[in-house]
Number of protein chains: 2
Amino acid sequence: MLRENLTVAIEDYLKTIHELTLTDGRATTNRIAECLEVTPASVTGMIQRLASADPPLVAYHKHHGAKLTPDGERAALEVIRHHRLLETFLQQTLGYTWDEVHAEADRLEHVISEELEERIAQSLGNPTQDPHGEPIPNRELQLPEQSWVRLSDLAPGQRAAVQRVGSPTPELLRYLSSIGMVPTTGLAILDRSEFDDNLRIQIENQPEPVVLGLKVTQQVYVEVV
Amino acid sequence: MLRENLTVAIEDYLKTIHELTLTDGRATTNRIAECLEVTPASVTGMIQRLASADPPLVAYHKHHGAKLTPDGERAALEVIRHHRLLETFLQQTLGYTWDEVHAEADRLEHVISEELEERIAQSLGNPTQDPHGEPIPNRELQLPEQSWVRLSDLAPGQRAAVQRVGSPTPELLRYLSSIGMVPTTGLAILDRSEFDDNLRIQIENQPEPVVLGLKVTQQVYVEVV
DNA sequence: TGGGAAATTTAGTTTAGCCTAAATTATATT
DNA sequence: AATATAATTTAGGCTAAACTAAATTTCCCA
């Protein structure tokens with residue numbers, strides 16, 4: 001879509017900052033370092049480079065984390081579009097399962113051309129969701145309307161249907177598969193406990209709701225009914 | 001197939017050394033530098049690293065170029081398998097044409113997993129030739145029998161059918177398309193001139209053979225009839 | 001066989017991106 | 001408000017992989 005020059009490392013930083021801004025509200029040095037598995041000192045160095053690049057890709061004030069500039073945002077969305085199209089393609093066309101696509105897409109996303117991006121999108125009929133239920137930015141890098149809501153944004157007691165679970169935690173995955181439920185196809189009723197952040201799941205055709213002993217993380221998305 | 005650790009740069013060097021050894025008989029510093037578009041000095045530096053790696057990937061004697069060790073050969077063939085499978089996949093599955101696949105494959109070849117390699121191979125029915133007619137090493141990295149012959153290996157006057165042209169020169173490509181012939185589908189009779197190395201092509205349904213004003217290079221392959 | 005051109009290597013720099021250790025700034029607790 | 005702890009930045013260094021310029025080796029030919 002736009003001009004390049006960006007290294008793999010830089011694209012990873014931009015993607016991470018974008019992601020953290022969405023989920024945590026801000027992208028701090030330490031969180032970025034965690035996500036990328038580098039030291040905080042390395043993050044500081046890179047953020048400074050990105051902020052003094054031409055054009056700047058992040059806005060930066062010492063000790064207060066990073067925000068993407070419009071240019072940085074565009075670059076991030078480009079990588080995210082690559083990633084999610086690739087995940088979808090690997091699943092639909094090459095028979096990957098749901099949980100195998102991520103690592104592969106994480107490497108491919110940096111090297112595919114706009115030409116390949118477009119051919120993949122076409123061959124899939126320009127999908128708007130990837131296999132995890134995450135939205136795929138369109139050709140103009142706009143995110144589609146999203147019916148998903150962050151679990152942590154639900155009011156306690158509010159109910160929601162889990163038709164798909166975006167980026168589920170390993171614990172949730174393990175549990176769902178232990179009851180024979182594949183997250184992309186299963187259906188359950190959730191509510192957020194009023195007393196704590198544990199997940200409470202009502203399985204269809206089962207009498208009792210199940211309380212999962214795991215924290216509600218901001219990475220879990222559900223569809224409100 | 002085997003262990004990794006190899007950088008993109010190293011894989012490119014190994015691939016180039018393999019290629020040059022096949023076509024030129026040897027891989028000299030300057031030829032490698034040309035192919036990779038780096039300076040000869042950089043090549044010397046890298047060859048020395050590859051030779052003193054553990055295990056060594058090339059055998060190196062100062063001022064006498066590089067030869068791949070069995071380890072280096074294996075690594076090169078792995079990359080070549082990736083490259084040629086990807087070219088085939090891009091053409092068959094995503095509708096790329098013949099001449100668009102190379103650059104894309106050149107970047108993807110370094111990042112696909114063995115898993116993806118295998119899925120692509122399976123989905124294509126384990127092909128043994130890529131869209132250029134080049135052989136694809138099998139899972140065990142053995143090259144299949146090859147019916148292609150280097151044009152420069154033909155005896156003067158010997159005739160051959162061009163069903164495909166492997167790695168054609170830009171001049172040949174331009175000519176072939178100017179007469180409406182797509183190399184993968186067209187058919188012509190070639191013979192090597194007795195007086196020089198120019199290409200002589202007899203087109204079906206045309207009375208006179210055409211003599212192309214271009215050198216026979218070692219990159220042009222034809223199928224002997 | 002000696003000498004010049006071409007090929008190759010050495011030496012010394014550069015840039016990207018990471019690291020550790022130490023210093024600094026922000027936040028939280030009492 | 002004082003200070004302990006957590007978060008962040010600075011300083012200095014390392015490796016991979018490129019570069020330029022200079023030195024060296026090989027090769028070929030008169």
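Each chain gets a letter, A, B and so on, in the order the sequences are listed, and its residues count up from 1.
Classification of Arg139(B) and Glu118(B) as a salt-bridged pair holds, one side-chain N sitting under 4.0 Å from a carboxylate O.
Between the NE2 atom of His61(A) and the C1' atom of dT24(C) there is a distance of 19 Å, rounded to whole Å. Across the protein-nucleic acid pair, Leu6(A) atom CG and dA16(C) atom P stand 13 Å apart, rounded to whole Å. dC18(C) atom C1' lies 12 Å from atom CG of Leu36(A), rounded to whole Å. Atom CG of Leu50(B) and atom P of dT9(C) are 13 Å apart (whole Å). What separates CD1 of Ile32(B) from P of dA7(C) is a distance of 14 Å, to the nearest Å. If you measure from atom NE2 of His63(B) to atom P of dT9(C), you get 6 Å, rounded to the nearest angstrom. In this structure, Arg31(A) atom CZ and dT8(D) atom P are separated by 11 Å, rounded to whole Å. In this structure, Glu11(A) atom CD and dA16(C) atom P are separated by 16 Å, rounded to whole Å.
Taking every side-chain heavy atom of Thr44(A) into account, dT9(D) is the closest of dA7(C), dT10(C), dT9(D). Residue Thr7(A) places its side chain closer to dA16(C) than to any other of dC27(D), dT10(D), dA16(C).
Contact annotation: the side chain of Thr88(B) never approaches that of Ile120(B) to less than 4.5 Å [non-hydrogen atoms, C-beta and beyond].
Using a 4.0 Å cut-off, some side-chain N or O of Tyr60(B) falls inside it from OP1 or OP2 of dT9(C). The shortest distance between the side-chain N/O atoms of Asn30(A) and the OP1/OP2 oxygens of dA6(D) is not below 4.0 Å.
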What are the atom names and distances for every N/O pair under 3.5 Å that joins the protein to nucleotides 18-20 of chain D?
from, atom 1, to, atom 2, distance (Å)
dA18(D), OP2, Tyr13(B), OH, 3.3
dC19(D), OP2, Thr39(B), N, 2.9
dC19(D), OP2, Thr39(B), OG1, 3.0
dC19(D), OP2, Ser42(B), OG, 2.5

Show me, pair by pair, the donor-acceptor contacts under 3.5 angstrom made by side chains of residues 53-68 of chain A, not counting sequence neighbours?
none

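Within 4.0 Å of Thr29(A), counting heavy atoms only, lie sugar-phosphate atoms of the nucleic acid but no base atom.
For the pair Arg84(B) (side chain) and Asp130(B) (backbone), a donor-acceptor distance under 3.5 Å is absent.
Rounded to the nearest 0.5 angstrom, Asp106(B) CG and Glu87(B) CD are separated by 8.0 Å. With rounding to the nearest 0.5 Å, the separation of CD in Glu134(A) from NE2 in His83(A) is 9.0 Å.
Sorted by first then second residue, the salt bridge (Lys or Arg N to Asp or Glu O under 4.0 Å) pairs that include residues 34-48 of chain B, not counting sequence neighbours, are Arg31(B)-Glu34(B).
Looking at which nucleotide of DNA chain C each of Lys62(A) and Ile47(B) is closest to, the 5′-most match is held by Ile47(B).
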